[in-house]
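Below is one structure, written out as structure tokens; the observations come after it.
The figures that follow rest on heavy atoms only: side chains count, while hydrogens, waters and symmetry mates do not. We count ligands from 1, going down the list as the structure has it; atoms in each ligand are counted the same way.
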Amino acid sequence: MVDLKSQYEKIKPAIDKGIQEVIDTCAFINGPYVNNFQKDLESYLGCKHVIPCANGTDALQVTMMALNLQPGDEVITTSFTFIATAEVIALLGLTPVLVDVLPDTFNIDPVAVEKAITPKTKAIVPVHLFGQCADMEALNEIAKKHNLHIIEDACQAIGADYIFKDGSKKKAGTIGIVGCTSFFPSKNLGCYGDGGAIFTNDDELAKQIRVVVNHGMVVRYYHDYVGVNSRLDSIQAAVLGVKLQHLDEYCEARNYAASYYNKAFAYNSKLITPATANNTTHVFHQYTLVTKNIDRAALIAHLTQKEIPAMIYYPVPMHMQKAYLDPRYTEGDFPVTEALCASVFSLPMHTELDDEQLKYITDCVLEFVNNN
Ligand SMILES: *Cc1c(COP(=O)(O)O)cnc(C)c1O
């Protein structure tokens, strides 16, 4: 699904130099590489505070802790996402309230969000799924009206732009009060291990997040809060510092592959190509098609046999996951999510796809689709 090896070969001297410098200076934790990467990312995002942490899941958890969400508080999120989003809500004893997504963009439905609000609702967690932003202007309005926090899960959308009605733009993760991202190797800005970060323009919140990631410590060895230990290590920061310089170029490469796929599958009655909403750019963390009237499992088996990886993101809706079964929800409650889980599949999507590979992949997909 990704080709991190070829990507590395192109930036090897800079990456190797960065990693070697960290080892030579033994500044493994914090130190200049983490600081520099933080500053570089702040300026790339146009965001006042970037707080690095250990991974994207921690970023979400730490954010909810720093916002002082308490057991019993309700947090609205999408039924169609990676588990981490709901996991941290449950882990903190908060109550996840799920809502359905829009069938074209796969992103959280703002109308459903507003309907799900109760007096206990404290926050909304939109996920910018597969690389395009959720309808943030609508969500921001709802949040303002009901006095709720918006925590953007931007783990799949770093580098995407949200385009406001007045034409102004903001980077994914900097539109709500706070945004979270992951630097997992296969993410759009991936390191060579685990990593994550939290973005905010709110000075007070940034301060509190820095306290939570560092054991709830305000003054050295004085712990005013229950915190966690969540750090980005310097070797990962060195890798990210190099790769951030290529992020826009990586987004372009992903868009090139996506438009190749789009062209090849356009007007095919059995495949629905992914739609990009007009208020966002798309950075194609995943390229995800909806199948119609074909046997998805047989298609994936056909591709596997041709040595083309194809994955289902995600096969099980959040409310049908074993650990998250909840008497409040039952099969049929989120029909769009359930239909997507039954019909989507994703093709290889990364920065190194060339025309030859794209032709082979699209030919193999069409070979099956047109004969079944
Ligand atoms: C990857 C991902 C996460 C978690 O990030 P990790 O760094 O793996 O902890 C959370 N939410 C979404 C939507 C993701 O894609």
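Taking only nitrogen or oxygen atoms, main chain and side chain alike, G56 reaches within less than 3.5 Å of ligand 1. Residue-to-ligand polar distances place S182 within reach of ligand 1: an N/O pair is separated by less than 3.5 Å. Inclusion of D58 in the set of residues having an N or O under 3.5 Å from an N or O of ligand 1 is not warranted.
Scanning the protein for heavy atoms near atom 11 (N) of ligand 1, the closest one is D153 OD2, 2.8 Å. The protein atom (non-hydrogen) at minimum distance from atom 15 (O) of ligand 1 is Q156 NE2, 2.8 Å. When only non-hydrogen protein atoms are considered, atom 14 (C) of ligand 1 lies nearest to K187 NZ, 3.2 Å.
Atoms of ligand 1 found under 4.0 Å from any heavy atom of V127, numbered from 1 in the order shown, are 13 (C).
Contacts between T57 and ligand 1 below 4.0 angstrom, taking non-hydrogen atoms only, involve backbone and side chain alike. Here N55 has heavy atoms under 4.0 Å from ligand 1 in both its backbone and its side chain.
The six-membered or imidazole ring of Y192 lies away from that of F183, with a centre-to-centre distance of 6.0 Å or more. For F130 and F284, the distance between ring centers is not under 6.0 angstrom.
No heavy atom of H128 sits closer than 4.0 Å to any atom of ligand 1.
In summary, K17 and E21 engage in a salt bridge, as defined by a charged side-chain N under 4.0 Å from a carboxylate O. Remark: K145 engages E114 in a salt bridge, criterion side-chain N to carboxylate O under 4.0 Å. In summary, D73 and K120 do not engage in a salt bridge, as defined by a charged side-chain N under 4.0 Å from a carboxylate O. A salt bridge is absent between K170 and D161: the closest approach of a Lys/Arg side-chain nitrogen to an acidic carboxylate oxygen does not fall below 4.0 angstrom.
Using a 30° and 60° split on the angle between ring planes, F164 and Y162 fall in the perpendicular class, above 60°.
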